Amino acid sequence: MDFKILDASAFYAGIPFGSSNKYYTTSLIFEEIKHIKKNHDAIGLLLETKRLEVRDPKDDSTSFVVSSAKKSGDYNDLSKEDISSIALCYELKGELITDDFAASNVAKNLGLAVIPVMTSGIKTRGVWVHYCPACKKSFSNATVCSLCGNRLRKKLKPSQV
Ligand SMILES: [Zn+2]
C-alpha cells in the first residue's frame, strides 16, 4: 500500500478530493492548517471517511530526520511541522507531497519519494509567495532575501473567495 503524507504546503494548495488515495498527516501540521476555514468541511469529511488520518512519528524517526537535515544543511530551513511530516513519511515508507524545497531535499536524501503538489492531483488554487523565514518579508519573485541573504521559502497563499 502506498502511504501518501501531506505536509502543510499540500493543504494550502487544496484538498485531495480527486483521488481515492488514503492520506496521512501529523498533528503538528493539522494544527497549522486547521485555520484554513474554507477547507474546514472538506477536511472534516476526509477524516470522517478515513481518507485522511492524523498520525505522529515516533521520537526515533524524528531524531533521525533532524540529524540528517543537520548533515545536509537544511535544518535551519525546516519548521517542526516539516520535520514531523518527513519523519512520518520515513516511518511509513511513504511518499511525501510537498512543495517545500528544504523538506523535499531532506526527504530525497533519505531515499523517500517526493511528489510536488502540482503533480499530486491536488488542484492548486492561489498564488505562490516567496518569504524570508527570518525577516518574514514577502517577495514576488526571488530566491534569496535581499535584506539578510537567507534562502526564501515558498508557500501558496489561497485565493480569497
Ligand atoms: Zn531576510
Side-chain angles (χ1 to χ4, degrees), residues 4-16 23-40 42-43 52 54-91 94-161:
K4 297 197 188 308
I5 290 85
L6 297 170
D7 89 340
S9 63
F11 281 104
Y12 282 114
I15 295 296
Y23 294 95
Y24 291 83
T25 198
T26 67
S27 54
L28 283 174
I29 291 170
F30 191 69
E31 281 302 308
E32 185 186 342
I33 55 98
K34 247 182 8 193
H35 70 278
I36 316 174
K37 268 218 178 61
K38 72 183 173 63
N39 288 339
H40 204 263
I43 292 171
L52 175 67
V54 178
R55 201 190 269 202
D56 286 316
K58 299 190 186 83
D59 291 347
D60 283 2
S61 316
T62 303
S63 35
F64 183 73
V65 169
V66 166
S67 69
S68 172
K70 281 181 176 164
K71 248 182 260 170
S72 65
D74 290 302
Y75 183 69
N76 291 333
D77 291 329
L78 293 174
S79 62
K80 59 182 191 309
E81 289 82 5
D82 292 333
I83 289 167
S84 74
S85 64
I86 303 165
L88 184 65
C89 188
Y90 171 74
E91 203 169 296
E95 297 170 324
L96 182 65
I97 301 178
T98 183
D99 269 336
D100 185 272
F101 184 82
S104 309
N105 196 39
V106 173
K108 282 175 187 165
N109 282 339
L110 295 172
L112 301 172
V114 177
I115 308 173
V117 174
M118 282 297 237
T119 58
S120 68
I122 296 172
K123 212 174 150 228
T124 304
R125 288 167 305 203
V127 289
W128 288 104
V129 290
H130 301 257
Y131 69 100
C132 172
C135 310
K136 313 279 177 223
K137 267 196 96 77
S138 298
F139 299 87
S140 57
N141 202 0
T143 51
V144 180
C145 176
S146 58
L147 302 171
C148 71
N150 258 317
R151 194 161 70 206
L152 299 180
R153 302 189 66 171
K154 192 171 89 156
K155 75 175 171 197
L156 196 81
K157 199 168 158 240
S159 41
Q160 300 302 316
V161 183

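Along the sequence shown, the residues carry numbers beginning at 1. First listed ligand is number 1; within each ligand, the first listed atom is number 1. Note that the structure is a prediction, hence the values are computed from the model and not measured.
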Practice task
Output, by chain and residue number, all protein N/O/S atoms separated from the Zn ion (ligand 1) by less than 2.8 Å.
Solution key: Cys132 SG, Cys135 SG, Cys145 SG, Cys148 SG
Exercise for the section: Please check if the side chain of Asp59 supplies one atom and the backbone of Thr62 the other of a donor-acceptor pair under 3.5 Å. Expected result: no
Exercise for the section: Quick one: list whatever passes side chain to side chain donor-acceptor pair (under 3.5 Å) with Ser27, sequence neighbours left out. Expected result: Asp56
Handout entry: Tyr131 OH: over 12 foreign heavy atoms closer than 6.0 Å
Key = yes
Completion exercise
So salt bridge (charged side-chain N to carboxylate O under 4.0 Å, His left out) across residues 72-84, not counting sequence neighbours, yields Asp74-Arg151, Asp77-Arg151, Asp82-Arg153
Handout entry: Phe64: partners by ring-ring contact (aromatic ring centres under 6.0 Å, His included), with sequence neighbours left out
Key = Tyr90
Exercise for the section: Any chance you could measure Ser9, atom OG, to Ile29, atom CD1, to the nearest 0.5 Å? Expected result: 8.5 Å
